[in-house]
Colleague: 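This structure is in structure tokens; I'll ask about it shortly.
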Amino acid sequence: MTDSAVKGPASYFPSIEKKYGRPVAEWKGLIRTCPLTKHGELVGWLTSEHGLGHGHANALVAHTLAEDSAR
């Protein structure tokens, strides 16, 4: 593994796109337009309403909320 390897939640992104057939940007858009705001609520919503596994949903939510808080 090199220093340029993707780490953290983003390391899940290629498998998320492959498994669920949507680009990560589309998932992030859904998260940002969802009326829910808490991490756990958003993970639950992605798993129940969109069929994502918990790990994939958690990675998307964590990365999206981190991006938004950095703005």
Side-chain angles (χ1 to χ4, degrees):
M1 184 181 247
T2 64
D3 289 338
S4 63
V6 176
K7 298 177 185 176
S11 67
Y12 287 90
F13 291 175
S15 61
I16 290 169
E17 290 180 336
K18 182 178 180 183
K19 184 168 184 171
Y20 304 105
R22 289 182 172 185
V24 168
E26 189 173 328
W27 289 113
K28 288 182 175 189
L30 287 171
I31 292 166
R32 288 182 174 119
T33 59
C34 180
L36 303 172
T37 58
K38 293 182 180 178
H39 182 100
E41 293 174 339
L42 288 163
V43 170
W45 174 72
L46 286 173
T47 59
S48 66
E49 297 296 318
H50 295 283
L52 272 73
H54 179 83
H56 286 159
N58 187 60
L60 284 167
V61 171
H63 198 271
T64 303
L65 294 180
E67 274 185 346
D68 292 353
S69 70
R71 289 182 183 176

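Keep in mind it's a predicted model, so treat the numbers as computed, not measured. In what follows, residues are counted from 1 in the order of the sequence shown.
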Colleague: Distance check, rounded to the nearest 0.5 Å: R32 atom CZ versus D68 atom CG?
Modeller: 4.0 Å
Colleague: For L60 and F13: C-alpha separation, side-chain torsions, deciding distance, then whether side chain to side chain contact (heavy atoms under 4.5 Å, CB included) applies.
Modeller: CA-CA 8 Å; L60 284 167; F13 291 175; 3.9 Å; yes
Colleague: Name every donor-acceptor pair, under 3.5 Å, that has one atom in a side chain of residues 42-51 and the other anywhere in the protein, sequence neighbours excluded.
Modeller:
| residue | atom | partner | partner atom | Å |
| --- | --- | --- | --- | --- |
| T47 | OG1 | V43 | O | 3.2 |
| T47 | OG1 | G44 | O | 2.9 |
| S48 | OG | G44 | O | 2.9 |

Colleague: Not counting sequence neighbours, which residues clear side-chain hydrogen bond (donor to acceptor under 3.5 Å, both in side chains) with Y20? List them please.
Modeller: H56
Colleague: Of all heavy-atom pairs between A59 and P9, which one has the smallest distance, and what is that distance?
Modeller: O-CB, 3.4 Å
Colleague: Check G8 against S11 and note the closest heavy-atom contact, atom names and distance.
Modeller: O-OG, 2.7 Å
Colleague: Less than 3.5 Å apart, which donor and acceptor atoms pair up between the side chains of residues 22-29 and the rest of the protein, not counting sequence neighbours?
Modeller:
| residue | atom | partner | partner atom | Å |
| --- | --- | --- | --- | --- |
| R22 | NE | E26 | OE2 | 3.2 |
| K28 | NZ | H63 | ND1 | 2.9 |
| K28 | NZ | E67 | OE1 | 3.2 |
| K28 | NZ | E67 | OE2 | 2.9 |

Colleague: At what distance, to the nearest 0.5 angstrom, does CG of L30 lie from CG of L52?
Modeller: 10.0 Å
